[in-house]
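Written out below as structure tokens is the structure these notes cover.
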Amino acid sequence: MTISQAAGNVCTVSALNTKQPQTTNSVESEVIYLPNTDCTIKPQASLSAFTSYRVGGAADLYVAPRNLEALQASLKYAKERNLKVTTLGAGSNLLVSDRGISGLVIATRHLRFSNFDPKTGQLTVAAGESIPSLALAAAELGWQGLEWAVGIPGTAGGAVVMNAGAHNSCIADMLVSAQVLSPDGTLETLSPDQLGYSYRTSLLQGGDRIVTQATLQLAPGADPAKVVAITREHKKHRLSTQPYNFPSCGSVFRNPKPYSAGWLIEQTGLKGYQIGGAQVAQLHANFIVNRGGAKASDIFCLIRHIQHQVQERWSINLEPEVKMLGEFQGACG
């Protein structure tokens, strides 16, 4: 059963310019057209609207392909010009520097399709599909396995890269395979073992391969009403225990077992501590929220302050779960 399918060779980041298509090496151009596609690249695109923190500077170049061909064309463009490539999903686990990101930023959020195969119980999804939407769609079909994921504000591609998880479950537990695209345009299908999964990470993290789609093993045949009820209960629990009234990136730090990062931060007396517009959330101390007008540097400096204070009191180094993109040197003075 196909839920959605991205259509056509389109790749829109803004309304298409009425100028005749042309290709240029300059990042000063208003629009760059990729050969043999309807795909455009936007120079100096602000990234704050594309991250859940609502902060961050501009990308030198930004493109949002809607299919594999446009994605390959984008990578080819970058390779021919020796441009650094940064992949952006839903932007829910990112902190983008106020100084922006150099090179080409490729957003995968518009790579969308999902197919539920009742014969195998497998769900195949493109990288840009929303994890919460997939969890609800599976529940409504009576497919078990994704109930835990309803509160994760990210895409399938990001979930595969970060090994997203909640409620003692994670993507690695159900992943059958992931299709990834290398900078040279080569497609590979990788197993979970090849991805080297561990807690909230994989070998893809920090690498240059882009997840294009993933196949998950679920369990069809359950009563849809019961699966939906469980899924909604997970969402209710998440909304009641985590702050969603202000922009955030989700959990900031990985849990240093046997402790939880939130407990350590709370016991250090940092709930409510604020730098600029960035604040340690009152509801859950492992969240930093943008109270309004925060800069990326405010959030970055608050992260560093938390790390320092927890290290001083507990001799524990909190490792950020949030991925930081761009230049932060000198951000804290």
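Residue numbers start at 1 and run along the sequence shown.
Looking at every heavy atom in both residues, Ala285 comes nearest to Val280 through O-CG1, 3.5 Å. Residues Val289 and Ser248 come closest through the heavy atom pair CG1-CB, 4.1 Å. Listed here is the closest heavy atom pair of Leu216 and Val176: C-CG2, 4.0 Å. Between Leu94 and Tyr53, the shortest heavy-atom contact is O-CD1, 3.5 Å. Closest heavy-atom contact between Ala166 and Arg238: CB-NH1, 3.8 Å. Minimum interatomic distance between Ala156 and Ile131 (heavy atoms only, all atoms of both residues): CA-CD1, 3.7 Å.
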(message) Pair Thr40, Val63 - check side-chain contact (heavy atoms from CB on, under 4.5 Å), show working.
(response) CA-CA 7 Å; Thr40 59; Val63 65; over 6 Å; no
(request) Just do the side-chain contact (heavy atoms from CB on, under 4.5 Å) check on Met162 and Asn93 with the steps written out, would you? (result) CA-CA 9 Å; Met162 298 294 294; Asn93 197 38; 2.9 Å; yes
(request) Go through the steps to decide whether Phe50 and Tyr62 satisfy the test ring-ring contact (aromatic ring centres under 6.0 Å, His included), and finish with yes or no. (result) CA-CA 11 Å; Phe50 301 122; Tyr62 174 90; 4.8 Å; yes
(request) Please lay out, stage by stage, how Gln307 and Phe253 fare under the test side-chain contact (heavy atoms from CB on, under 4.5 Å). (result) CA-CA 9 Å; Gln307 288 177 309; Phe253 299 101; 3.7 Å; yes
(request) Quick one: do Leu203 and Leu195 satisfy side-chain contact (heavy atoms from CB on, under 4.5 Å)? Show the steps, please. (result) CA-CA 5 Å; Leu203 294 178; Leu195 293 172; 5.6 Å; no
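Every side chain to side chain contact (heavy atoms under 4.5 Å, CB included) that Ser198 has, sequence neighbours left out, goes to Thr201. For Cys301, the disulfide (SG to SG under 2.5 Å) partners two or more places apart in sequence, or in a different chain, are Cys332. Annotation: side chain to side chain contact (heavy atoms under 4.5 Å, CB included) contacts of Arg99 (sequence neighbours excluded): Ser97, Glu327. Lys84 pairs by the salt bridge (Lys or Arg N to Asp or Glu O under 4.0 Å) definition with nothing, not counting sequence neighbours.
Ion pairing between a basic and an acidic side chain is recognised when a charged N comes within 4.0 Å of a carboxylate O; Glu266 and Lys271 show such pairing.
In this structure, Lys79 and Pro183 have side chains that are not in contact, with every pair of non-hydrogen atoms separated by 4.5 Å or more. When side chains are defined from C-beta on, Val228 does not count as touching Lys226, because their heavy atoms never get closer than 4.5 Å. Looking only at side-chain heavy atoms (C-beta outward), Arg209 and Glu188 come within less than 4.5 Å of each other. Taking 4.5 Å as the limit, some side-chain heavy atom of Ile106 sits within range of a side-chain heavy atom of Leu71. Considering only heavy atoms from C-beta on, Gln72 comes within 4.5 Å of Leu181 through its side chain. Counting heavy atoms from C-beta outward, Phe300 and Asp98 have side chains that stay 4.5 Å or more apart. With contacts defined as side-chain heavy-atom distances shorter than 4.5 Å, the pair Thr241/Leu283 does not qualify. Residues Glu147 and Val227 meet the side-chain proximity criterion, which asks for heavy atoms closer than 4.5 Å.
Under the 4.5 Å side-chain heavy-atom criterion for grouping Ile, Leu, Val, Met, Phe, Trp and Tyr, Leu95 is not connected to Leu47 through any hydrophobic cluster. Trp148 is connected to Val161 through a chain of hydrophobic side-chain contacts under 4.5 Å among Ile, Leu, Val, Met, Phe, Trp and Tyr, so both are in one cluster. Following chains of ILVMFWY side-chain contacts shorter than 4.5 Å, one can reach Leu270 starting from Ile288, so the two form part of one hydrophobic cluster. Residues Val150 and Met174 do not share a hydrophobic cluster, clusters being chains of Ile/Leu/Val/Met/Phe/Trp/Tyr side chains in contact below 4.5 Å. With hydrophobic clusters built from ILVMFWY side chains whose heavy atoms lie under 4.5 angstrom apart, Val96 does not share a cluster with Val322.
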Table please: side-chain donor-acceptor pairs of residues 256-264 below 3.5 Å, with sequence neighbours left out.
residue: Ser260; atom: OG; partner: Trp263; partner atom: N; Å: 3.1

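No hydrogens or angles considered: nothing links the side chains of Asn163 and Ser202 as a donor-acceptor pair under 3.5 Å. Checked by atom type, the side-chain pair Ser191/Asp193 shows no donor-acceptor distance below 3.5 Å. Donor-acceptor pairing under 3.5 Å is lacking for the side chains of Ser251 and Glu321.
Partner Thr215 forms a side chain to side chain donor-acceptor pair (under 3.5 Å) with one of Thr120, Thr124, Thr189, Asn115 and no other, that one being Thr124.
Here Glu312 contributes atom CD and His308 contributes atom NE2; the two are 4.0 Å apart, rounded to the nearest 0.5 Å. We find the CG-CG distance between Leu123 and Leu134 to be 5.5 Å, quoted to the nearest 0.5 Å.
Applying the ring-ring contact (aromatic ring centres under 6.0 Å, His included) definition to pairs two or more places apart or across chains, none involves residues 169-195.
Between His305 and Tyr273, the two ring planes are parallel [angle under 30°; tilted spans 30° to 60°].
For CG of Asn245, the number of neighbouring non-hydrogen atoms (other residues, nucleotides, ligands) closer than 6.0 Å is greater than 12.
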